[in-house]
Structure formats: C-alpha cells, structure tokens
Amino acid sequence: MKVFGYGTEAADKDLVSVVFERKDPRAGEIAFKVTYCGVCHSDLHQVRNDWRNTTYPCVPGHEVVGEVTAVGDGVTRFAVGDVIGVGCMVNSCLDCEKCDAGVENYCQGPKGFTATYNGPAKARGENTYGGYTSHFVVREEFAITVPNGYDPRYVGPVLCAGITVYSPMKHWGLEAGKTLGVVGVGGLGHMAIKLGKALGARVVALTRSEGKTDEILKMGADEVVISSDKEQMKSARQSLDLMINTIPVPHDINPYVGLMKSDSTIVIVGNLTNFENVVPGPLVFNRIGIAGSLIGGIKETQEVLDLCAEHDITPSIKMVKMQDINDVLSTLEEGNDGDFRHVIDMQSLHEATDHLERTAATIPDPYRGDVVNRRAS
Ligand SMILES: [Zn+2]
Ligand SMILES: [Zn+2]
C-alpha cells in the first residue's frame, strides 16, 4: 500500500513529506491506519544522528497508535477495527533466552530486536520506518492491545516513556513502603511520578525548575526537591531506595548519589552518551549501583498500559499537527518541552493526502524482516 509520512534525508535537514510502499500483511502480521503518534526525545536524537547510528532516510515515531485495517493469515489476537499500539520494537528473534523470558528488548539473537524505525541498525541497507506515517504493518506479537475505554490519544507516550520508567520500577522491586526519586520531570519523568504512585511508593521529584513545583505536586509527587538548592538536597540525603534518572543529556550525576540509601540503585534511562566524572567513593561506601535500563518487553508494555487504564493514569499531552513536526523538534532541542508529551494527530496527515500525492518525495521501501520463527509457526 502507498504510505505517506514525514522523514529526513540528513542530520542537518528538516523533515519533509515522503511517500513509499509498505507490503500488505503477511501471515502473522497486521496492518493499521495510524491515528496518533507520540513525539519522543529519541526521535530528535535519531533525526540529528546524535547517537551516530542513524540510517537515512529516517522516518521516526515509536509511540504509534491506530486502527487495524487488515490481518494476515493466522493472526489470532487482533481483528479489523481493533485499536492497537506499537512501541519501540517491531521484531526480534523470539527464539533466545531473553525473548523467551519476555524481554525482547534485550534480544540476544544475531540482529537483536528490530527497532520500529532506524532498525536493524547492525545490518546495512535494512531500514525500518516508524509511526510518522499514514499506515503501518507489524507482526502481531509486537502489537499492544489498547484497553477498552482508554483514550487512544494517551496510548503512544505509555508505549515508550511509560514502559521505559515502569520496567526498572518492576525490575528493582519498587513497592509500597519504598521511596522513588525521579530526576527530570519531562516526558519520562512525569510518567515515572504517576506510575511510582500507582505502585504504592513514596515519590520524590527532582527538578531544576522551581516554577514547576505546583504542577509536579499535582501529578502526585509527595515531595519536590529543587536540585540546584543545596539545602534542599541536603535535607533529602540518603532517603531514596531507587532513582530513575531521565535527563537525556550528559550531566553531573554526583550530587544525586548523596540522596541514595545504602544498597540502592540509580537507573539511567535517558542519557546514552556519557557522564561527567562519576566519583566512585560514595558508591563504594554505600554499595550504591548505577544501572541502565532500556524500554521494556512486550508483556510488560501491555502490563503498564493496562495499569494506566485501571488507575486512570494519563500522560500530559499536547496535540500537534504532522506538518508542524519541525517546530516540535526544535522545541525539544531547546529543552522547552515543559512537562508534557507532544502527540501528533495523524488526521492532519490523512487530510493532506491530495497535496502529498503531488509533493511528497519518494523514498526506498522499508525493511520488513522475517516472520518465520518458533512462535509464529
Ligand atoms: Zn522513545
Ligand atoms: Zn531474541
């Protein structure tokens, strides 16, 4: 099928309208019309090649929501008309220890997991295109069921921002009676506050912006600590069992270490490049770990979306038009994204089809990967 979208040819170029073909769903796959797509900070990193792994053309979007339009042979979990979501992965080997354990995000197969866009990075000439597109095709194992009654506009941010902070909470055993610290209250951080509360924890939010305090308390945080205020940081010393650090850029992590209890863990989910000197002394003396965590498996992604529906947790969102994507990315780049997630109303793209027919740049068709594996057969 002919698919319109927005993508870019190079790190220093704006996104422009593009057109390409997605093949009809094969056995085990489903096709859907994209209705909403969240804008993740990773989209900006990938578009600008900040992680030095972008394959162009780059068509971003991994917080994808839509309505099923066709299903391939053997599809059992979905039918035409269902509302579904796709997060950061569209495939994996489904045949390794990690995939068997439901953590496809750490797939040990030869290609690892296939990212929803810009993947698989390791293989040349094999590029996937994400959700900044009119239509999408995915194998059913990687589609998430949207619970009845949960507003589809809110789904996208849960599938990346939500799962990224939820998975470490589960892995490191966050529960009632424990205290979670959330560093950075943006797209990921605000979800961490809400999900931490849903798991029964006490939540302390750390932010540089004093002006955000009231809003953060409204999100449910029990306490707000202004990280630039030495007195406040001092009074929060050794109070946290788990810290989720969502800051997406290199920064000084040392001041946060002092907030951690003995035997606690700081989990990095936003910054993939480097840290300024980490002083190991305080880590050693208090057996504090610094760990990383990458999104989450499909089972856990379904779990967090179900939890959001059950507890009426919604990300703070701002609806935008597909055509305004370059402005949105500039806003993210300037760090002015506030405490909400941009979500593209893809109706803006669907309505522009006539115009796009004449103006969109044709780009190569995306990589489809294999569907043959143990679970599908
Ligand atoms: Zn993301
Ligand atoms: Zn695997």
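Each ligand, and each atom within it, is numbered from 1 in the order the structure gives.
Considering the Zn ion (ligand 1) as centre, the angle to NE2 of His62 and to SG of Cys160 is 110° (10° rounding). Angle subtended at the Zn ion (ligand 2) by Cys93 SG and Cys96 SG: 110°, rounded to 10 degrees.
Checked by atom type, the side-chain pair Tyr56/Asn49 shows no donor-acceptor distance below 3.5 Å. In summary, the side chains of Asp312 and Thr314 do not present any donor paired with an acceptor at a separation below 3.5 Å, with no hydrogens or angles considered.
Taking the centre of each ring, His350 and His135 come in below the 6.0 Å mark.
Contact annotation: Cys88 places no N, O or S atom under 2.8 Å from the Zn ion (ligand 1). Counting backbone and side-chain atoms alike, Cys40 contributes an N/O/S atom closer than 2.8 Å to the Zn ion (ligand 1).
The shortest distance between side-chain heavy atoms of Val47 and Leu15 falls below 4.5 Å.
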